[in-house]
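Read the structure below first, then the notes.
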Amino acid sequence: MTILSGFWLFWLSLLLASFLALILKKKTNYLRSAGTLLLCLSCLILILISLSILGKGGSPLEFEVKVGSFHLPFLIDGLSALFLLLLSVLTLASVIFSLDFVKKYKGDEFWKYYLILPLFIGGLAGLLTVDDLGPGFTLAWQLMVISSYLLIRWGRPTKVSARPALVYLLFMEAAWLMITGSAFLAKGYIFGDSLGTVGLKLAQSGPWQAILFFSLLFLGFGIKTGVFPFGQWWIPDAYSTAWPQVSSLLAGLLEKTGVFGLIRIFFFVAKSSGAAFNPDLWGKVLVVAGVITLFIGTVQAIKQSDYLRLLAYSSIGQVGYIIFALGSSLLAWNSSLPLAKSLASVIFIAAVYHSLNHGIFKGLLFLLGGNLLYATGTRDLNRLGGLLSVMPVSGFLAAIASYSISGMPASSGFVSKWLMISSNFLAGRDSLLLTLSGIVALFTAAFTLACYVKFFGLAFTSAGASWKLKRSIKEVPWKLLASEIFLTVICLSQAFLPMGYVKLIDRSLGLSSGFLLSEAGGDLLSGKMFSLKIHDGQSLLAATSPLLMLFLIVLLAFLAYWFSRSAHPAETKVPAWLCGYQDLNLNNVYADRHVFSDLKKFFWWTGGSPKKVIDDNDPTVLPDSQPKGEVE
Amino acid sequence: MKVVAVFVNLIYFLLLAPFLEGVMRKLTAWIQSRKGPPLYQPYLDLLKLLGKENLNSGGNWAFRLAPILSFSSMLAAIALIPLTGQANILAHSSDLMTLIYFLTLSGFCLLVGALGSGNPFAAVGASREMMTTVMLEPVLAMLLILGTVRIGNFSLSAAVSGVAVSRGGSYFLMLVVYLLALQAFAARQPFDIAEAEVEILEGPYMEYSGPNYALLRYTLNLKRMFYAWLLVSCFLSFILPANFLFSLLLQTVLIIVVFVLISLIGATHPRFRIDQALKYYALLLILALIAVGLAVKGW
Amino acid sequence: MWLWNKIKQLTIPSRTGVVTLRYPYKPRPAPAGFRGQPVWDHTKCIGCAGCASNCPARTIFLRDICQEIRILIYDSSRCTYCGRCADLCPEKAITMSENFELATDNRQDITQTIELFMMTCQRCGRCYDLEIKNALDKLQMLGYRYDSLEVRKVIGQSTPEFEPEHLEKTATYRRPEKLEKSSCGKD
Amino acid sequence: MSRKEELLNLLKDKLRGKFLAGSSLEDKRLFIDIKKEALVETASLLMKEGARYQMGVGYEAKKNGQGLAMVHTFAFDADSLLVAIRALTTEDKPEFDSLTPFIPGAGWSEREYIDLLGLHFKNHPNPKRLVLSDDWPEGIYPLRQDVPYDLMPPSAEEVAFRLDEAPPGSSIIPFGPFHACLHEPAHFAVYVDGEEIKGCEYRGFMVHRGIEKLAATELTYNEIPFVAERICGICGSVHSVNYAQAVEAASGLKIPRRAEFIRTIMLEIERLHSHLMWLGVAGHLIGFDTVFMQAWRIREKIMWLAESLTGNRKTYGMVIVGGVRRDIDLTKADLIKKTLSEVEKDMLALEKAIIKDKAIHRRTKGVGYLSREKAVEWNLVGPVARARGLDMDARRDHRYAAYDEVKFDVVVADSGDVWGTLVVRIKEIYEAIKIIHQCLGKLASELQGSPLAIEIEGPVPAGQQGLSVVEAPRGEAVHYVLTGDDNRPERWRVRAPTYPNLQAVPDMLLNNKLADFPIIVGSIDPCISCTDRVAVIDRKTAADRILSRQELEKLSREVRSKT
């Protein structure tokens with residue numbers, strides 16, 4: 001079986017899944033199993049396809065499909081394969097998650113979900129594989145946009161979801177107009193030219209056309225990825241409206257297709273367009289846009305009380321990191337210093353690495369948000385707390401995911417941020433822009449930490465309503481957890497096998513022809529399985545080893561444990577001390593709206609003030625808080 | 001030798017840190033016309049706490065694990081540092097980001113533990129501590145990045161020694177910033193806002209007792225000593241002799257001097273409010289940013 | 001300006017020096033007239049119950065064990081050290097000592113008990129002036145009995161035992177309705 | 001026609017049939033009996049005439065079944081006049097009209113008697129439980145005559161106090177009863193939005209010692225000063241002097257002049273000690289422990305001085321009804337002079353070191369602001385009022401003891417915040433030193449050899465009212481005594497300065513930061529036990545059981561496991 005036929009098989013099973021949903025409308029149980037089975041099948045096929053391309057002896061797949069008078073060029077090179085891999089992994093988790101999640105939420109109507117979801121995935125896969133800005137792109141884009149519009153639209157009651165979905169649709173259509181329109185700026189462009197051809201034709205166009213071309217594409221894909229301020233306009237609303245497992249795909253992948261588009265434009269089309277592309281200008285644009293996005297997005301995330309919105313804002317911030325890294329890679333490549341030039345590819349790898357990482361842990365976090373929604377029915381952090389004792393597994397997974405996204409030592413977020421920031425500083429030694437933006441990125445890392453301390457702390461630890469929740473709230477079904485454990489394992493592997501992933505990305509770049517940085521310079525990244533080093537030939541510039549860090553902490557933790565238990569102290573369970581008059585009740589919990597209040601006020605100018613959290617009218621929603629002052 | 005250096009780091013900090021608290025208490029007492037406790041009192045306090053009952057109000061693993069992880073990640077940070085400018089075995093797989101994140105992790109664990117205790121006072125304290133971390137961690141990072149920018153190497157020993165390589169405008173500006181931030185790093189007045197015992201009763205530490213509290217106190221002592229050490233070895237590295245023992249001795253003396261400074265400032269200031277402190281930290285951030293900018297330009 | 005203030009604050013201790021003491025090792029003597037723990041001089045006490053009936057804290061108790069023996073108990077745990085007893089004692093048998101370190105975990109340590117051998121004037125019940133020749137006589141005949149009705153209420157009823165539990169009962173006895181000032185005394 | 005007669009005529013004129021009687025033993029007091037229907041009318045008349053509300057006194061008038069009585073006292077500061085209006089109601093319909101709707105400061109005074117006497121106040125805006133503990137059973141009113149002073153009803157389980165409705169979006173931070181910034185037990189439920197205070201509810205009266213009930217059932221006239229002194233650990237003398245003055249006024253006793261001077265000296269020494277202590281505590285509350293230690297170092301000299309003069313550091317025990325117990329002779333006067341000069345010098349040095357400290361300004365200026373109008377509305381007293389531009393001082397306005405013969409300034413600031421209080425308190429230290437020097441001069445020159453105390457001649461007539469004010473360091477303290485039979489007062493009511501000031505604290509806290517809570521509450525120098533003096537607890541269990549360490553631990557564990 002060739003890869004190509006596998007590709008068609010993938011589409012076939014997707015369409016079949018969609019078709020089955022139409023037939024099995026009423027037979028919900030059959031529909032769930034059949035839909036899940038077919039979707040899983042298509043994901044597995046996709047994984048096989050990507051692995052056979054990335055694997056030993058693999059090569060890019062390029063083919064054309066004729067639809068009427070249009071030629072649709074397809075290209076599955078290393079980069080596409082990498083993102084397809086991410087797509088299939090996330091989809092797999094999301095589909096398994098849905099299996100039980102939908103049962104609780106939508107009753108008989110979830111056939112619509114199984115009708116649209118395959119099309120959405122198809123759209124995403126299409127976007128990652130088409131190689132033009134014309135008919136193929138349009139087809140894939142519209143498939144993705146309309147299907148995701150419907151998914152968002154059906155995520156919550158019409159009253160709440162109509163507006164976000166519409167806004168989403170409008171922005172996506174505007175982006176589509178810009179992207180498809182941009183290609184007409186290239187001299188002699190024919191609707192349906194492949195990307196490489198567009199680049200070559202652009203090289204013959206005037207300088208202003210080139211600038212306009214890249215601007216339109218930057219805006220188009222920028223809207224998609226959520227660059228400031230576009231992201232703020234649609235992302236939070238859309239992500240908090242769709243079902244969590246859909247949001248997990250939206251944040252984990254839909255944004256990444258935007259990143260993918262940016263990479264295709266600024267690192268592939270740019271190369272073929274030659275002198276028409278100004279790396280200095282576009283590097284600066286990307287860096288500035290990225291830094292602003294990452295800072296504003298993350299600061300706004302801190303202000304949110306709706307944990308799904310918090311995750312949405314935070315994914316704007318995280319994508320900002322990727323855009324920043326792409327820009328700084330361009331700048332480094334353009335630099336006159338040989339070291340910086342060769343660091344460019346390291347920074348690029350960091351950007352791709354962070355895309356993969358973010359895809360996984362943000363997908364995981366949205367699924368965990370789904371757990372919370374499933375178990376408690378509320379999306380308001382103010383009303384949560386103390387869930388660790390009733391949902392221990394979810395809590396543990398949330399701890400790992402939050403830990404990873406905060407980039408704490410020995411986590412996947414740390415590896416990619418380390419790669420990004422250290423190489424950025426090394427490359428930008430003499431560049432004020434790079435150094436200062438690197439500092440902002442570091443500064444924002446602290447905000448990310450604050451954000452997830454809040455998410456994890458207020459949902460799972462803290463006092464919250466734990467005594468109240470204990471009565472009715474249980475751990476979610478194992479299928480939900482299984483999908484999350486699957487993602488957690490991948491997340492951990494990203495943390496502890498950095499070199500493996502770097503090699504994978506390296507290989508995928510090697511399999512992608514027409515890569516801008518392919519002859520940037522020597523290979524600075526080295527390292528064994530568990531460690532990464534940046535070495536310039538003479539001296540070690542930077543090094544990290546997550547596993548060693550973990551080992552160090554655990555070893556010292558044992559020391560600390562021995563020290564603290566050396567006198568064999570007794571341990572007693574006591575209630576929290578509230579100065580002796582009040583007992584812990586719903587009113588004296590320091591809830592989410594209070595946490596970091598001064599910091600929120602201090603950064604009022606970043607906007608994104610939280611809206612009142614509206615919980616859907618759902619039987620699982622907690623009864624309203626008790627009469628004030630009631631002490632239990 | 002390079003392996004031994006790790007242990008030297010740990011032992012040096014573990015032994016000296018409580019003593020420095022003793023120095024601080026004695027000096028503060030002198031400013032307040034009091035006798036003050038003997039210098040070895042902090043050691044006795046730690047021993048006493050080890051034997052006390054461990055009260056657990058959180059009832060979850062996050063609360064129990066927090067002090068242990070906080071202590072161990074602080075120690076992990078200390079294990080990395082190039083004491084007297086000499087890199088140890090861990091330098092091959094760590095750099096300044098590792099250090100910064102270990103330090104952050106230590107504070108992060110405390111916060112998770114504080115939130116895990118379920119106490120609103122601890123939550124207020126945790127919220128304040130986090131705001132402080134958010135605003136101050138970049139200042140620390142910028143100090144080390146200053147060294148990186150000078151030397152062009154991301155490793156910790158380069159970052160530490162790089163700060164004082166040339167003593168131009170950026171050096172002095174950064175020194176000023178660091179001195180202004182010192183009290184906040186050391187969590188002493190006027191910046192002991194997160195602990196503020198009169199309003200939020202030691203904030204994050206509130207629910208901890210016995211050995212768990214001993215670990216957190218020890219962590220605090222180590223943290224203070226670390227920041228004092230950083231001041232000495234970043235800004236005064238050029239006066240340290242080459243001989244390891246002499247250098248260590250001089251460093252110790254200088255660290256004590258830094259603690260004298262901390263005590264003097266601490267004893268002559270009331271506590272700031274968090275909103276006032278945030279403005280102050282923002283000023284520090286901007287100054288530090290300017291210092292790094294100057295360093296990039298080669299000044 | 002800021003620095004100048006701080007320097008001023010730092011120079012205060014250089015003028016005043018260290019003012020705290022190594023307390024338990026180096027106590028500071030109490031001044032003259034200090035009102036510490038009251039001490040009863042059993043050789044002077046006549047058992048008139050003046051102290052007991054004027055004690056604002058009601059912490060001095062009297063009790064007749066039998067016709068001849070009256071017991072005075074001073075329970076320091078509730079004493080406010082006002083010195084009112086010393087003021088009012090007609091015989092100056094109570095002095096306010098300089099002793100103030102009275103913390104203890106055993107109440108008996110700070111409780112004073114005096115056993116008085118009482119004589120009663122059978123005729124008038126009031127005046128009794130036994131000329132005491134020597135110390136031995138004094139020891140035998142401490143005090144006199146003046147069974148005024150008011151004071152009777154202050155003085156507990158006769159019981160053979162006198163246990164700490166009884167002391168607690170003593171604390172809740174009914175108070176007199178009315179007390180004339182200096183209801184006892186020789187003049 | 002004096003102001004007093006004017007008022008008397010005015011009231012007679014306006015109230016007509018509802019006016020029952022007006023009397024006074026002294027020329028600066030006016031006691032008026034009215035019918036209860038006229039209570040609101042009389043009070044509003046007095047307020048219109050420029051009165052300042054002081055306190056309410058409720059008691060059970062036991063004589064010939066008169067029922068329950070409510071006394072409201074008012075002060076005319078400009079005319080040195082105190083007015084008390086009394087109304088009676090029957091026991092079967094114990095209802096009065098509430099003054100609170102137009103005198104907010106009367107709120108607590110009335111709530112207190114809802115609890116203690118079972119009175120009802122029509123139109124009271126917030127008739128919640130104030131004094132009694134949460135589990136005190138309904139229907140037992142401790143101040144009624146038939147309730148014994150040592151009654152201890154069985155404690156109820158799971159009774160909770162209902163806090164007010166919190167402002168939307170706020171959480172409660174529970175301050176107290178045991179909190180580092182409160183040196184005595186009291187509970188503040190502080191409603192916060194983030195770090196900002198959006199409201200506050202006070203639940204206090206946790207250290208009731210039943211002193212007033214005890215005085216009315218157990219103690220005698222001359223035992224009460226020693227108990228009164230223990231109402232407060234800081235301004236004890238104030239209360240004993242105040243009580244003694246009230247009894248002396250009620251019984252028409254004129255005490256020796258020398259005793260009045262000695263009382264004045266002790267009151268001012270107490271003021272010195274209290275102001276220095278407050279300064280230290282204020283320093284501590286803003287986290288400035290050096291100010292704390294240095295202020296207390298200076299204060300320690302005053303403490304030693306007091307010990308030499310009276311035999312004790314605090315609870316001087318100097319005052320009895322009719323005079324004082326100890327003399328201040330020439331050697332003691334020299335000691336005082338020497339100590340005061342040292343204190344003045346030290347204080348000047350400390351003041352110079354801190355008064356211009358920007359860091360202190362930052363923590364105190366604009367913090368706990370309350371406008372002058374609000375201060376009048378809440379009847380604030382003492383330095384808290386003077387910091388808000390109210391020029392009032394009982395020492396000058398209602399001269400008592402020897403204050404008519406000494407000269408001093410009343411320090412007033414108008415910043416209306418904690419900073420103003422700080423300045424007022426520091427400046428008053430120097431004024432106090434000035435007063436003591438003047439008194440010592442008089443003692444040495446004119447009053448040599450006069451007696452220290454005179455005895456109460458015969459039984460004190462029952463049914464007399466005495467009203468006395470003393471300017472405590474924290475503000476004006478008011479004592480009301482109604483003499484009774486059995487050598488003890490029938491009703492003795494104490495209103496400590498904290499009582500009105502504490503009622504204004506929620507207003508002061510509004511929109512301040514959580515971090516400023518300690519200093520704002522501290523700025524009124526709350527004396528919780530002063531304020532909480534009433535109600536009843538069982539003396540037996542409260543004081544007389546000694547628990548071993550094991551027992552105590554066991555007990556606390558039991559309590560803990562229950563919750």
Side-chain angles (χ1 to χ4, degrees), chain A residues 386 388-389 407-409 414 418 421-422 425-426 429-430 432 435-436 439 442-443 446-447 449-450 453 457-458 461-463 531 539-545 548-549 552-553 556-557 559-561 564-567 569-578 584 588-590 595-596 598-599 602, chain B residues 50-60 62 68-69 71-73 75-76 79 92-95 97-98 101-102 104-105 108 111-112 115-120 123-124 127 130-131 133-134 137-138 141-142 145 148-149 152-155 207 210-212 214-215 274-275 278 289 292-293 296:
Chain A
L388 201 56
S389 45
M408 297 310 280
F414 177 80
W418 173 82
I421 289 171
S422 61
F425 278 121
L426 289 172
R429 239 185 103 186
D430 55 350
L432 207 55
T435 309
L436 295 191
I439 288 170
L442 252 182
F443 183 39
F447 275 97
L449 174 67
V453 163
L458 292 179
T461 65
S462 134
S531 63
S539 59
L540 186 65
L541 292 179
T544 191
S545 169
L548 185 81
M549 290 162 93
L552 201 60
I553 290 181
L556 291 168
L559 177 78
Y561 183 78
S564 68
R565 298 296 182 270
S566 53
E571 185 160 320
T572 320
K573 179 92 184 63
V574 291
W577 171 247
L578 296 182
L584 209 53
N588 58 27
V589 168
Y590 201 63
V595 172
F596 310 143
D598 280 306
L599 197 69
F602 195 74
Chain B
L50 282 183
K52 291 258 175 192
E53 193 182 20
N54 229 348
L55 297 181
N56 178 1
S57 73
N60 52 44
I68 292 174
L69 281 183
F71 183 72
S72 75
S73 47
L75 275 187
H92 293 301
S93 44
S94 68
D95 52 25
M97 252 181 85
T98 320
Y101 272 101
F102 269 146
T104 314
L105 178 60
F108 165 81
L111 296 187
V112 170
L115 283 175
S117 72
N119 191 311
V124 179
S127 156
M130 192 67 236
M131 289 191 253
T133 311
V134 164
E137 194 206 64
M142 278 188 257
I145 283 163
T148 303
V149 166
N153 192 324
F154 217 57
S155 75
E207 287 293 340
N212 280 343
L215 281 183
I274 186 75
D275 54 324
L278 283 180
L289 215 54
V292 174
V296 171

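Residue numbering restarts at 1 for every chain, and letters A, B, ... go by the order of the sequence lines. As the structure is a prediction and not an experimental result, all values here were calculated from the model.
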Quick one, A/D598 and B/M131 - any side-chain contact, counting heavy atoms below 4.5 Å? yes

Of the backbone (N, CA, C, O) and the side chain (C-beta and beyond), which part of B/F108 lies under 4.5 Å from a heavy atom of chain A, both, or neither? side chain

When the 4.5 angstrom heavy-atom criterion is applied to B/I68 and chain A, the contacting part is both

Between B/I274, B/D275, B/T104, B/L278, which has the largest tally of heavy atom pairs under 4.5 Å with chain A? B/L278

What one should report as the nearest heavy-atom pair of B/S117 and A/A576 is O-CB, 3.9 Å

Mind checking whether B/F154 and A/F425 have parallel, tilted or perpendicular rings, split at 30° and 60°? parallel

May I ask you to decide if A/F596's main-chain N or O and B/S127's side chain share a donor-acceptor pair within less than 3.5 Å? yes

Chain B contact via A/L449 - side chain, backbone, both or neither, heavy atoms under 4.5 Å: both

Below 4.5 Å, heavy atoms only, C-beta onward: do A/L556 and B/F71 meet side chain to side chain? no

B/M142 versus chain A, heavy atoms under 4.5 Å apart: side chain, backbone, both or neither? side chain

From CZ (A/R565) to CG (B/N212), nearest 0.5 Å: 5.0 Å

Closest heavy-atom contact between A/A446 and B/E137? CB-OE1, 3.7 Å

Side chain, backbone, both or neither: which part of B/A62 has a heavy atom under 4.5 Å from chain A? both

By a 4.5 Å heavy-atom criterion (distance strictly below it), what part of A/L559 contacts chain B: side chain, backbone, both, or neither? side chain

Any side-chain heavy-atom pair from A/L442 and B/I145 closer than 4.5 angstrom? yes

Can you say whether B/L105 sits under 4.5 Å from chain A via the side chain, the backbone, both, or neither, judging by heavy atoms? both

Is B/D95 reaching over with its side chain to a backbone N or O of A/T544, donor-acceptor style, under 3.5 angstrom? no

Report which part of A/I553 has an atom under 4.5 Å of a heavy atom belonging to chain B: side chain, backbone, both, or neither. both

Between B/S73, B/A141, B/A123, B/A214, who has the most heavy-atom pairs with chain A when the cutoff is under 4.5 Å? B/A123

Which answer fits A/S422, side chain, backbone, both or neither, if we ask what part of it has an atom under 4.5 Å from a heavy atom of chain B? both

Closest heavy-atom pair, B/V112 versus A/T461, reported as atoms and distance to 0.1 Å, is O-OG1, 4.2 Å

Can you say whether B/P120 sits under 4.5 Å from chain A via the side chain, the backbone, both, or neither, judging by heavy atoms? both

A/F443, part contacting chain B, at a heavy-atom distance under 4.5 Å: both

Before giving the answer on side chain to side chain contact (heavy atoms under 4.5 Å, CB included), spell out for B/T98 and A/M549 the whole-Å C-alpha distance, their side-chain angles and the decisive distance to 0.1 Å. CA-CA 8 Å; B/T98 320; A/M549 290 162 93; 3.2 Å; yes

Find the one option among A/A567, A/S545, A/S566, A/A570 whose heavy-atom pairs under 4.5 Å with chain B are most numerous. A/A570

Determine, stepwise, if the pair B/L55 / A/W577 fulfils side chain to side chain contact (heavy atoms under 4.5 Å, CB included). CA-CA 11 Å; B/L55 297 181; A/W577 171 247; over 6 Å; no

Between A/P569 and B/P211 the two heavy atoms that sit nearest each other are CG-CG, 3.3 Å

Between A/L548 and chain B, which part of the residue has a heavy atom less than 4.5 Å away: side chain, backbone, both or neither? side chain

